[in-house]
Amino acid sequence: MSNPNASKAMRVWPVPSAKVRATGSGRFVKALMSVGACIGFAPLMAQAEGARFLVESVMSSAVMDRGEQIGSSSLEIASGVEFPVGDSFLYGAVYRRVTLEDKAIFEDEADYSVGMIWAGKGFAVDVSSNWLTYPGEASADSLEFDLVVDLDAPMSPTILGFYDAHNEDYGVEVSGGPEWGAGRWSYYAIGRGGFVVPGDGSAQRTYVGLEFGTGYAVRQTVEVGAYLRWDSADKNSFVDGVDNTGSATESRSGIAAGIALSLAL
């Protein structure tokens, strides 16, 4: 919902061109640029030469992030470039979200990110800074810092920590789940849980969620995907409906579905 204290940083990481995976997370978690994919493709990273360009678009019924709904039906587009520097990857990306309905309570967003990934034996670390803006909206711009650790272990566990320097929000999220494939099809399930501590002194938000999705590799660098996710929090942070006056009916859980197109050039 339209909330200047909500943490909304885009999540993007470099993806090896041999594995483009679309998921439904509001910030394209493990989608446009997946640090987790880098673990399985460490040899490919070592051999990579030159820059790669990545683009993803997602059309969704709602946008969920860190235990709250931050968008109704929306179009999200992200583009980025990544290039190897020794054993690391540097990347930059731009994210844009356009709200298609309920504009009275949800804001459009444009984010700009730069970061670096270092992949070691059995793990990868991603450090990024994200400038969050809301063109034409009431929320103030802010700078968020993210630290992500992905482990090469059963269920691909991921630990994310963030801090918003403007709003002074911070939080941690832990996620993981199986991934399998059959021919050109891939499938995944993700469980997530975490907490957010708002910088304005309001109550901490704790949340859990489940996500299921599938992708189809049209070719080596092109994939289409679909997903369904459910999120629940200990506060009313999801929207059940909006009446004619623009007032929202809120609840402690929400469901979102969407489709995605991913390209790596």
Residues in side-chain contact (heavy atoms from CB on, under 4.5 Å) contact with Ser61, at least two apart in sequence or another chain: Ala256, Ala257
Applying side-chain contact (heavy atoms from CB on, under 4.5 Å), name anything that partners Trp185, two or more places apart in sequence or on another chain. Tyr187, Thr214, Tyr216
Between Ser113 (side chain only) and Ala93 (backbone N and O only), is there a donor and an acceptor less than 3.5 Å apart? no
When the aromatic ring centroids of Trp118 and Phe123 are compared, is their separation below 6.0 Å? yes
Does Leu263 reach the side chain of Val222, with side-chain heavy atoms less than 4.5 Å apart? yes
Ignoring hydrogens and geometry, is there a side-chain-to-backbone donor-acceptor pair from Thr221 to Leu265 under 3.5 Å? no
Let me confirm one number: the CD1-CD distance from Ile190 to Glu211, rounded to the nearest 0.5 Å. 4.5 Å
Please tell me whether Val114 and Phe83 are part of a single hydrophobic cluster in this structure, the criterion being side-chain heavy atoms less than 4.5 Å apart. no
Starting at CD of Glu56, measure out to OG of Ser79 and round the result to the nearest 0.5 Å. 11.5 Å
Counting distance only, does the side-chain N/O of Ser74 pair as donor-acceptor with the main-chain N or O of Ser72 below 3.5 Å? yes
Does a donor on one side chain sit under 3.5 Å from an acceptor on the other, for Glu223 and Ser262? no
Using modelled atom types only, decide if a donor and an acceptor are shared between the side chain of Thr133 and the backbone of Pro135 within a distance under 3.5 Å. no
Any donor-acceptor pair under 3.5 Å from Asp231 side chain to Gly209 backbone: no
With sequence neighbours excluded, what pairs up with Asp240 under the salt bridge (Lys or Arg N to Asp or Glu O under 4.0 Å) test? none
Taking atom CD1 as the centre, does Ile259 end up with more than 12 heavy-atom neighbours from other residues, nucleotides or ligands that are less than 6.0 angstrom away? no
Output yes when a side-chain donor or acceptor of Asp234 lies under 3.5 Å from a complementary backbone atom of Arg205, and no otherwise. no
Going by the rule side-chain contact (heavy atoms from CB on, under 4.5 Å), which residues pair with Ser142 if we only count those two or more places apart in sequence or in a different chain? Leu132, Asp164, His166, Asn167
Other hydrophobic cluster members with Phe212, side-chain heavy atoms of Ile/Leu/Val/Met/Phe/Trp/Tyr under 4.5 Å, chained? Val208, Leu210, Leu228, Trp230, Ile255
Apply side chain to side chain contact (heavy atoms under 4.5 Å, CB included) to residues Ser60 and Tyr227 and explain how you reach the verdict. CA-CA 9 Å; Ser60 62; Tyr227 71 91; 3.1 Å; yes
So, Glu173 and Tyr207: side-chain donor and acceptor under 3.5 Å apart, yes or no? yes
Counting C-beta onward and ignoring hydrogens, is there a side-chain heavy-atom pair between Met59 and Leu100 closer than 4.5 Å? yes
What residues form a side-chain contact (heavy atoms from CB on, under 4.5 Å) with Val127, not counting sequence neighbours? Val125, Leu147
Would you call Glu144 and Arg66 a salt bridge, using N to O less than 4.0 angstrom? yes
With a 4.0 Å cut-off on N to O distance, would you call Glu82 and Arg52 a salt bridge? yes
Rounding to 0.5 Å, atoms CZ (Phe106) and OG (Ser73) come to a distance of 9.5 Å
Is Glu109 paired with Arg96 through a side-chain N to carboxylate O contact shorter than 4.0 Å? no
Exactly one of Ile159, Ile117, Leu160 should register a side chain to side chain contact (heavy atoms under 4.5 Å, CB included) with Val148. Which one does? Leu160
Okay, side chain of Gln69, backbone of Val239: is any donor-acceptor separation there less than 3.5 Å? yes
Stepwise, does the side chain to side chain contact (heavy atoms under 4.5 Å, CB included) test hold for Asp111 with Trp131? CA-CA 6 Å; Asp111 300 342; Trp131 183 246; over 6 Å; no
When rounded to the nearest 0.5 angstrom, what distance separates OH in Tyr112 from CG in Asp141? 9.0 Å
Just do the side chain to side chain contact (heavy atoms under 4.5 Å, CB included) check on Leu143 and Phe145 with the steps written out, would you? CA-CA 7 Å; Leu143 178 64; Phe145 300 100; 3.3 Å; yes
Set out, in order, the CA-CA distance, both residues' side-chain angles and the distance that settles side chain to side chain contact (heavy atoms under 4.5 Å, CB included) for Tyr95 and Glu76, then state yes or no. CA-CA 7 Å; Tyr95 164 87; Glu76 298 174 275; 2.5 Å; yes
Mind checking whether Ser128 and Tyr91 have side chains closer than 4.5 Å, heavy atoms only? yes
